[in-house]
Amino acid sequence: MQRAFTTKYGALAGILTAKIGICLPKDVQGGNVRVHQYVGIWDTGASTSAITKEVIHALDLKPIGFTNIYHAGGKSRVNVFLISVILEDDVMISDLEVTEAELVNENLLDHEQFHILIGMDIINHGDLAITNYHQKTTLSFRVPSVEEVDFVAKKRKNAR
């Protein structure tokens, strides 16, 4: 079944955020699913998703391993955790391996903190489109992918 959602920003967005639900993986949660709500940030430059210490403590997560991550500051060895992520319209990505990270944006007032970074491991489950029509950013995401979006092909077709 296809799921989709759209987030409209009132102006050009320098940061793409979303409301994200995070819970234990399906095989761990049993009958009681407790979803914790957080603010996430979309990052097409990140190959994997990451969560903060606050999420790790709130869900009482235990590491399932560790990995090296590469970032602007170099390389770090970090713990890996297993979670399920729920995006809008009940788009659920189950059994997702994420790493721990500090996610503070110092450009925002009050140094707003994000608790999950949405990387390409989530984005690759579907189609992500970002437009800036009339100086207002719109982010739209659907799962699964149902067609190729090609602005050049559309331009050529309309030129005929």
Side-chain angles (χ1 to χ4, degrees), residues 1-131 137-145:
M1 171 172 30
Q2 182 177 337
R3 302 260 187 209
F5 64 87
T6 296
T7 302
K8 296 184 181 226
Y9 302 84
L12 288 176
I15 299 168
L16 302 172
T17 60
K19 294 176 186 170
I20 309 292
I22 300 175
C23 61
L24 296 174
K26 282 183 182 178
D27 61 340
V28 177
Q29 44 188 331
N32 295 328
V33 178
R34 182 152 182 243
V35 178
H36 298 254
Q37 295 296 323
Y38 295 100
V39 175
I41 182 170
W42 294 84
D43 186 349
T44 60
S47 56
T48 59
S49 297
I51 56 175
T52 62
K53 286 182 184 189
E54 289 84 357
V55 174
I56 294 165
H57 293 298
L59 275 74
D60 194 26
L61 296 173
K62 305 296 183 238
I64 61 166
F66 52 87
T67 190
N68 292 320
I69 59 168
Y70 301 89
H71 47 80
K75 174 175 130 178
S76 300
R77 190 166 186 84
V78 296
N79 287 322
V80 175
F81 301 91
L82 193 64
I83 63 170
S84 289
V85 172
I86 304 167
L87 305 172
E88 294 179 52
D89 194 28
D90 292 329
V91 174
M92 180 180 237
I93 311 298
S94 298
D95 302 324
L96 181 69
E97 291 186 10
V98 296
T99 59
E100 179 182 338
E102 283 189 44
L103 303 174
V104 176
N105 183 341
E106 299 197 13
N107 295 322
L108 293 178
L109 296 175
D110 301 323
H111 302 291
E112 181 179 1
Q113 182 161 359
F114 305 104
H115 289 90
I116 179 167
L117 180 140
I118 303 163
M120 290 303 296
D121 53 347
I122 291 177
I123 296 168
N124 283 338
H125 282 267
D127 296 324
L128 174 69
I130 301 164
T131 58
T137 300
T138 299
L139 176 149
S140 198
F141 185 68
R142 68 179 169 203
V143 173
S145 178

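What you see is a predicted model, and the numbers here were worked out from it, not measured in a lab.
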- salt bridge (charged side-chain N to carboxylate O under 4.0 Å, His left out) with Lys62: which residues, sequence neighbours excluded? Asp60
- Message: I want to check something: taking the side chain as every heavy atom from C-beta on, are Val35 and Ile86 in contact at a cut-off of under 4.5 Å?
- Response: yes
- Item | side-chain hydrogen bond (donor to acceptor under 3.5 Å, both in side chains) involving Thr44 - partner list, sequence neighbours excluded | none
- Ile116 and Val55, any side-chain heavy atoms less than 4.5 Å apart: no
- Item | Criterion side chain to side chain contact (heavy atoms under 4.5 Å, CB included) against Tyr9, the qualifying member of Thr138, Leu139, Ile15 | Leu139
- Note on the structure: Residues passing the side-chain hydrogen bond (donor to acceptor under 3.5 Å, both in side chains) test with Ser76, sequence neighbours excluded, are His71
- Query: Mind checking whether Glu88 and Thr7 have side chains closer than 4.5 Å, heavy atoms only?
  - Reply: yes
- Donor-acceptor pair between Ser145 and Asp127 side chains, under 3.5 angstrom: yes
- Message: Could you tell me if the side chain of Ile122 sits less than 4.5 Å from the side chain of Val85, heavy atoms only?
- Response: yes
- Message: Would you say that Ile51 contacts Ile56 through its side chain, given a criterion of any heavy-atom pair below 4.5 Å between the two side chains?
- Response: yes
- Note on the structure: Contacts of Phe81 meeting ring-ring contact (aromatic ring centres under 6.0 Å, His included) (sequence neighbours excluded), chain-then-number -> none
- For the student: nearest non-hydrogen atoms of Ser84 and Pro25, plus distance: OG-CA, 3.4 Å
- Message: The criterion is ring-ring contact (aromatic ring centres under 6.0 Å, His included); which residues satisfy it with His125, sequence neighbours excluded?
- Response: none
- May I ask you to test the Arg3-Arg142 pair for a side-chain heavy-atom distance under 4.5 Å? no
- Item | Any Met120 side-chain heavy atom under 4.5 Å of Thr48 side chain | no
- Query: Where is the tightest heavy-atom contact between Pro144 and Met1, given as atom of each residue plus distance?
  - Reply: CD-O, 3.9 Å
- Task: With sequence neighbours excluded, tell me which residues meet salt bridge (charged side-chain N to carboxylate O under 4.0 Å, His left out) with Asp43.
- Result: none
- Item | Heavy-atom side-chain contact between Leu61 and Leu24 under 4.5 Å | yes
